[in-house]
Structures are given as C-alpha cells and as structure tokens.
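Quick notes on the structure that follows.
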Number of protein chains: 2
Amino acid sequence: MSRTVKKPEERRADIVRAARRLFQAGDYEQTTMQDVMNSLGIAKGTIYYYFSSKEELLEAVIEDMVEESTQHMQSLVEASHGNALEKLRTLITAGNIADENDEILEQLHRPGNAGMHTRLLAAALQKQAPLYARLVQQGCEEGLFHTDTPLETSEFILAGVQFLTDQGIHAWTPETLMRRSQALPTLIENLLKAQPGSFQFLSPDTPEERETK
Amino acid sequence: MSRTVKKPEERRADIVRAARRLFQAGDYEQTTMQDVMNSLGIAKGTIYYYFSSKEELLEAVIEDMVEESTQHMQSLVEASHGNALEKLRTLITAGNIADENDEILEQLHRPGNAGMHTRLLAAALQKQAPLYARLVQQGCEEGLFHTDTPLETSEFILAGVQFLTDQGIHAWTPETLMRRSQALPTLIENLLKAQPGSFQFLSPDTPEERETK
DNA sequence: GTCTATAGTAGGATAGAC
DNA sequence: GTCTATCCTACTATAGAC
C-alpha cells in the first residue's frame, strides 16, 4: 500500500472530522476505531499515533464541537442590539448548542453517549459562561441586574438549566420538565435580582393568565 | 463443576454486593467481570443473566449506594433540632453522599466515568431534593426563606452545586472551585431570599474579615 | 518523525448446551 | 438458571517503509 504523508495538524484534523461525522451519524459506542480508520483509508497505527485511546479521540471531537458552537454564539452576541436583557434573549433562544445545526442531540440522547454528553455540557459551560457573564455585567451597569459575581452566577444558571432540563442526563418525565421550566424564570430573576417577569419568555407556554394557587 | 441454584433475588444481591466491594477496593474500570465472577465462584453467563452489561451492574451498585445514603440523610434530618436553617446546615455538612463512606466515588472521578457519574448525581438529586424541599418549606413558614417553589429551588441548588463543584464531571482547577465556592452562599441566599450571611458557613475559608472591593 | 501492516492480548459480551 | 465455548473490539507490539 502507498503512503500519504500529511502535516500532523492536517492529519489530526482529518481524523477528528471523520470521527465527529461518524459519532454524530451513529452512536459513539457503536462506532469502532476500525470504522474511523476505514473512512479515511489509514492504518490503525496512524490513529493511535495521534490519539492514544478512543476516549482521547472523543475528547478532541468534543472540543471541536464546543469551539464551533461558542464562536457562533460569540458572533450572535456581537450582532445583537438592545440592552443586556434583549441580548440575553437573543443568545438564549437562538444560540443553544442543542438547537444549533446538528442532530448531535438526537445522538447524544442515547444511553451509550451519556459520558460524551456530560463532558460536552461541561466544556460548553466553561467556554460559554464568560459570554453570558459579560452580558450580565452589562445588565448590572444598566441597572437591570444586581450581582457582584457575574461569572459565577452565569455558571450557576447554565449548570442548573442544563442539568435539570437535559434529557441526555436523566430520563426526566414531561411533568418534571414542565414543572422545572415554569419555575425557571423566577429562579433566574432571583439570582440576578432582575425585575419579575424579565425572563418570562423562557417559559414554554407563557402562562399569562395563570393564577398563583 | 457443580451447579448451585439460588433464588434470583439472593443471587442478584450477592452479585451487587461483591461488585460493590470490588469497585470500592480497586478501580471500576480495572475490575473485570472475571474478577466479580471469581470472587463468587460463578460463571460469566450467570452474571450476564442478571445484568446485561458491566455498566448495568455498576448502575445497580450505584442505586444501592444512593438508597443507603438517602436513608442516612433522612435519619439525620429527623434527629436534628432547631429552625430550618440549622437543620439544613446539619444536612449539608454531615450528609453528603461524597463524604459518607465510599471511595467508589473516587473511582467515578475519572474522565471515563463521566456518564455514570452524572447518572449517580441525577439519581441522588431526584431522591434528595424532596428532603431539602421540606426544610425549605419549613424555613418559609418560619419566615427565614421566601419561595413558592421549594422543590424546584432545591433541585436547582443541588444541580448547580453538584455540576460545578464535582470533579467527576470536569477537571476544574482549584482556583475555579475556590471562586465558585465563595460565590455559593450569596447565590443560595438570593434563591431562597434568605438573610445575607445565612449560608456563609458553606464557604471554605469563612472569610469574615474580607471587604467587598 | 510519520505511516503501513499484521499478529496478538485482554476483557466485555453472546449463544447454546445442560 | 447456570455453565462452557466463542466472538468482538479496544488496544499493544513489532517490524519495517518513507
């Protein structure tokens, strides 16, 4: 067999891209290293030369995805107008890693991918929280919010939302999800000390006419 | 080899107990199904008759642990005195699943186990949140806290704390952990609308003399 | 240093005899 | 329900070509 020598970065990127495609198309656990090799026409030794385990390859794929997603969100923020609250709304409604472009979620929401999913969330949180924090900071300056710890508050909100509403972590029942979603706006408003109602847009069925029991 | 026939529940319990012991003693990943079989003197087919994967066996072990831990916390609450805040303090400082008894969590605190780890946290959260919620409710009646959604608020707090401070999910740096821990009391106080300082006991170095910059 | 090829080990998982 | 035999795949080892 003939040899194709590539620059290390290029080869590495090839492998990550191929693996990402396969992981997304199928199931991480069911995708074999052999599959990845075959789809690139390279030898086993090559892949293990760059990634010392399947797990390490997964890590690189995750990093790739998070990087792409974060850049997209970054550009969304820069393109958005209005006060901090309006920008946050843009970011939240449009720029979720889940909604973005891929069917990744479908794939991640399978038992075999729980680990990948969690790590993706953690990596995404770490990269995205600063984005939110900047908007929270801006909101404080505008008098909309009040907090001394914009970053930590952002992290806390993201963590809570992701952990409690993401189907990839636990098979929450629809009732549980509904219950949590409805409580969310108030929880966020409390954390940011924002006007009641500021985050009402988050609620799924905008219960305008509901009465407190 | 002679065959020993046992009642299904008994056999199952045997396997879970043996696996738990081995997982705790060594490393989940390094413990082989062979090890579990050997320690019981049974065949591989038998273990797979009860658990269709190693992962499922781990799940059972974890459920075992969560159940035990939750009961322990329950009894702690019942034995504690004072107002809701004092009871909460007892619960938080004494009754963490992590501190309790096992090193199995140490094992879960590795990248490869992120999925399992998260599921443990989710399972623990679902079982323990009601415990906290009851205390929050009590605190509301005592005028210490103010919330219409004690359960959701408890879930949110537990999720945030677990996700952001648990090493099993992401290898957070010590600085990051410190930063988050210090912000935590205020975040919780905001969520519960509690007196500032109520949860200061959570901070690792109780910074009594720190000034806000 | 980068890549191919191949043979082999270990351990998770399954089929089918009993 | 239990056991035995076998399979599948992540991973290692090695030998060698560019």
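Source: prediction; values computed, not measured. Letters A, B, ... are given to chains in the order of the sequence lines, protein chains preceding strands, and every chain is numbered from 1. Below, all heavy atoms of this structure are taken into account, side chains as well, without hydrogens, waters or symmetry copies.
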Once you round it to whole Å, what is the distance between P of C:dT2 and CG of A:L40?
17 Å

Separation of D:dA10 C1' from A:M37 CE (nearest whole Å):
11 Å

Taking CD from B:Q34 and C1' from C:dG11, how many angstroms apart are they, rounded to a whole number?
9 Å

Are A:T90 and A:S80 close enough that a side-chain donor and a side-chain acceptor fall under 3.5 Å?
no

For B:E59, does the CD atom have more than 12 heavy-atom neighbours from other residues, nucleotides or ligands under 6.0 Å away?
yes

Exceeds 12 heavy-atom contacts within 6.0 angstrom, atom NZ of A:K6
yes

Whole-Å distance, B:F51 CZ to C:dT14 P, equals 15 Å

How is B:T32 classified with respect to the nucleic acid when contacts are heavy atoms under 4.0 Å: base, sugar-phosphate, or nothing?
sugar-phosphate

Expressed as a whole number of angstroms, how long is the span from B:L58:CG to C:dG12:P?
12 Å

So, are A:R119 and A:E55 salt-bridged, with charged N and O less than 4.0 Å apart?
yes

Would you call the rings of A:F163 and A:W172 parallel, tilted or perpendicular, where under 30° means parallel and over 60° means perpendicular?
tilted

Expressed in angstrom and rounded to an integer, what is the separation of B:I47 atom CD1 from C:dG12 atom P?
10 Å

Summary of protein contacts for nucleotides 11-18 of chain D, nucleotide by nucleotide, where a base hit scores B, a sugar-phosphate-only hit scores S (4.0 Å, heavy atoms):
BB----BB

Count the heavy atoms of every other residue, nucleotide or ligand shown that sit under 6.0 Å from CD of B:Q74, and state whether that count exceeds 12.
yes

Run the side-chain hydrogen bond (donor to acceptor under 3.5 Å, both in side chains) test against B:R179 and tell me which residues pass, sequence neighbours left out.
A:E152, A:E155

Rounded to whole Å, please give me the gap between CG in B:D35 and C1' in C:dG12.
13 Å

Within 45 degrees of the axis of the six-membered ring of B:Y50 and under 6.0 Å from its centre: does B:R11 put its NZ or CZ there?
no

Atom CD1 of B:I42 and atom C1' of D:dG1 are separated, to the nearest Å, by 11 Å

Near DNA chain D, which residues from residues 7-16 of chain B have a heavy atom under 4.0 Å away?
B:P8, B:R11

Donor-acceptor pair, A:E189 side chain versus A:F199 backbone, under 3.5 Å?
yes

Report yes if at least one side-chain N or O of A:Y49 is closer than 4.0 Å to OP1 or OP2 of C:dT2; otherwise report no.
yes

Give the nucleotide from the list D:dG1, C:dT4, C:dT2 with an atom nearest to the side chain of B:Y50.
D:dG1

